[in-house]
There are 2 protein chains.
Amino acid sequence: MEKRTSILLAEDDVNLGHLLQTFLKSKGFDVTLAQNGKIAFDKFNSDTYQFCIFDVMMPEMDGFTLAKEIREIDRKVPILFLTAKSMKEDKLEGFSIGADDYLTKPFAMEELLARITAITRRTETTDSEVDQHYLIGTIKYEPDIRLLHLKDEVKKLTTKENQLLKLLVKNKNEILDRQATLRAVWGDDNYFNGRSMDVYIAKLRKALKEDESIEIMNVHGKGFKLVVK
Amino acid sequence: MEKRTSILLAEDDVNLGHLLQTFLKSKGFDVTLAQNGKIAFDKFNSDTYQFCIFDVMMPEMDGFTLAKEIREIDRKVPILFLTAKSMKEDKLEGFSIGADDYLTKPFAMEELLARITAITRRTETTDSEVDQHYLIGTIKYEPDIRLLHLKDEVKKLTTKENQLLKLLVKNKNEILDRQATLRAVWGDDNYFNGRSMDVYIAKLRKALKEDESIEIMNVHGKGFKLVVK
DNA sequence: TGAGTCAGTTAACGTTTTTTAACAGCGGTT
DNA sequence: AACCGCTGTTAAAAAACGTTAACTGACTCA
């Protein structure tokens with residue numbers, strides 16, 4: 001249940017625009033592409049964006065003007081400029097409007113990604129959700145505080161129990177690959193960690209056995225699967 | 001009570017260091033100058049800074065290593081690199097560590113200022129980071145003056161208690177890495193410092209136990225995590 | 001200058017968590 | 001059926017952590 005960062009990208013060069021959109025989408029962002037500043041401004045006002053990337057030179061409305069307009073109604077949303085010029089004056093004009101960063105074309109995709117990451121990291125909200133919970137059959141499970149609400153007891157899970165159960169729950173009714181799980185939880189899928197995992201599966205089965213409809217089933221040679229009937 | 005943004009500047013070139021310090025001070029910043037990365041790391045851990053400027057090439061501990069150490073205990077504080085090289089690889093190495101920006105020497109003072117302003121603009125109004133105080137559940141905590149406002153007492157924290165709690169609070173709901181914390185607070189992550197840290201965790205748990213919703217939970221083999229329900 | 005105080009470390013002992021060992025059973029293959 | 005790798009389970013061993021108290025060294029102040 002992870003919300004993706006939505007980005008508003010204003011770029012009149014169709015090729016570059018689509019290239020960037022595809023790249024950023026592959027990196028897990030929601031990217032809305034606008035052909036020019038006017039369209040971008042409309043889109044900004046009709047939807048919610050966490051991040052803006054504006055080409056400086058565009059028809060209709062250039063990037064700087066667009067940024068200035070947006071800054072009047074939102075003085076916080078991060079704005080990154082793409083500019084073909086490399087003159088210092090331009091850079092400064094962008095910053096004084098309230099840009100957060102700029103890239104001079106041509107630039108490496110990875111650098112763009114790095115800068116977006118750097119900026120969004122700072123603006124992230126401090127507290128992540130601690131109140132998230134799942135229902136496994138009739139049993140309430142709170143992974144963030146590692147609690148399992150059983151019929152007549154609230155069981156505290158250990159780190160490993162919790163990591164494993166969280167993966168099972170996230171992949172409910174799907175096979176949880178044995179090797180992948182070992183690498184995720186134990187860091188290495190060697191023999192002993194495998195045995196250790198089997199021990200933890202036994203613990204979890206015992207913890208969940210009060211609800212008959214829950215089953216952690218083994219898929220021979222593949223992994224485990226949490227099934228709730 | 002207006003407090004100035006405090007900057008930690010790590011620069012081994014004494015001339016450039018003083019020049020920058022003087023310039024930034026004239027622009028209204030509090031600037032602490034550290035001769036090398038090791039000194040900077042110690043200063044970062046004993047005081048509070050809103051911004052970091054690190055020269056990449058320094059004796060004792062270089063800027064990238066310094067940033068990496070700091071990122072383990074503070075994933076938000078803005079870091080700007082000063083680099084003499086202009087290779088793209090270097091830039092990316094910086095960003096992947098979690099840098100926010102970089103400047104290639106020689107650079108214009110005004111450009112440095114513009115970048116600092118761009119990065120701090122959004123955070124300065126939102127964050128009450130300048131007038132440092134946190135709420136841990138119902139308990140008010142003022143790290144700068146090392147006070148914990150309990151129900152019927154104002155508890156003075158010792159240096160170590162305070163450093164540890166500050167890190168926990170800054171990383172609320174996230175795992176605070178055991179080794180990184182030891183290096184930050186005790187300078188070395190050997191066995192005995194580890195035991196010492198466990199003693200301090202016990203002290204903090206005792207101090208915070210009046211609020212049931214607060215928990216310092218252990219993540220076996222990884223570190224501790226401050227959770228407020 | 002020497003008893004008292006205080007922050008921090010080390011020691012000691014207890015508890016919890018995780019790993020390893022040991023043995024038993026199961027599943028698929030030949 | 002015989003075999004072999006995979007899994008189930010329990011118990012013992014090892015590692016990590018929790019807590020209290022004794023200890024150490026630095027500082028204070030009469």
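- Under the salt bridge (Lys or Arg N to Asp or Glu O under 4.0 Å) criterion, B:Arg71 pairs with B:Asp100, not counting sequence neighbours.
- Listed by chain and residue number, A:Glu142 satisfy the side chain to side chain donor-acceptor pair (under 3.5 Å) test with A:His149 (two or more places apart in sequence, or in another chain).
- Evaluation of the side chain to side chain contact (heavy atoms under 4.5 Å, CB included) rule for A:Arg146 yields A:Leu157, A:Thr159, A:Asn162, B:Met217, B:Val219 as partners, not counting sequence neighbours.
- For residues 33-44 of chain B, no residue pair satisfies the salt bridge (Lys or Arg N to Asp or Glu O under 4.0 Å) rule, not counting sequence neighbours.
- For the helix from C:dT1-D:dA30 to C:dT30-D:dA1, the axis fitted to the five pairs at one end and the axis fitted to the five pairs at the other end meet at an angle of 10° (nearest 10 degrees).
- Protein chain B touches strand DNA chain C; the 5'-most and 3'-most nucleotides with an atom under 4.0 angstrom of its non-hydrogen atoms are C:dA7 to C:dT18.
- Judged as a salt bridge (Lys or Arg N to Asp or Glu O under 4.0 Å), the pairs with a partner in residues 177-187 of chain A (not counting sequence neighbours) are, in order, A:Arg178-A:Asp198, A:Arg183-A:Asp189.
- Annotation: side chain to side chain donor-acceptor pair (under 3.5 Å) contacts involving residues 215-229 of chain A, sequence neighbours excluded, are absent.
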Side-chain donor/acceptor pairs under 3.5 Å, residues 8-15 of chain B, sequence neighbours excluded:
| residue | atom | partner | partner atom | Å |
| --- | --- | --- | --- | --- |
| B:Glu11 | OE2 | B:Asp13 | N | 2.9 |
| B:Asp13 | OD1 | B:Asn15 | N | 3.0 |
| B:Asp13 | OD1 | B:Leu16 | N | 3.2 |

Review item, nucleotides 13-18 of chain D N/O atoms under 3.5 Å of protein N/O:
| residue | atom | partner | partner atom | Å |
| --- | --- | --- | --- | --- |
| D:dC17 | OP1 | B:Gly221 | N | 3.0 |
| D:dC17 | OP2 | B:Arg178 | NE | 3.2 |
| D:dC17 | OP2 | B:Arg178 | NH1 | 3.4 |
| D:dG18 | OP1 | B:Arg205 | NH1 | 3.0 |
| D:dG18 | OP1 | B:Arg205 | NH2 | 2.9 |
| D:dG18 | N7 | B:Arg195 | NH2 | 2.9 |
| D:dG18 | O6 | B:Arg195 | NH1 | 3.3 |
| D:dG18 | O6 | B:Arg195 | NH2 | 3.4 |

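- Residue pairs meeting the salt bridge (Lys or Arg N to Asp or Glu O under 4.0 Å) criterion with at least one partner in residues 150-166 of chain B, sequence neighbours excluded, do not occur; the list is empty.
- Only at 4.0 angstrom or more do the heavy atoms of residues 160-168 of chain B sit from any atom of DNA chain D, so none qualifies.
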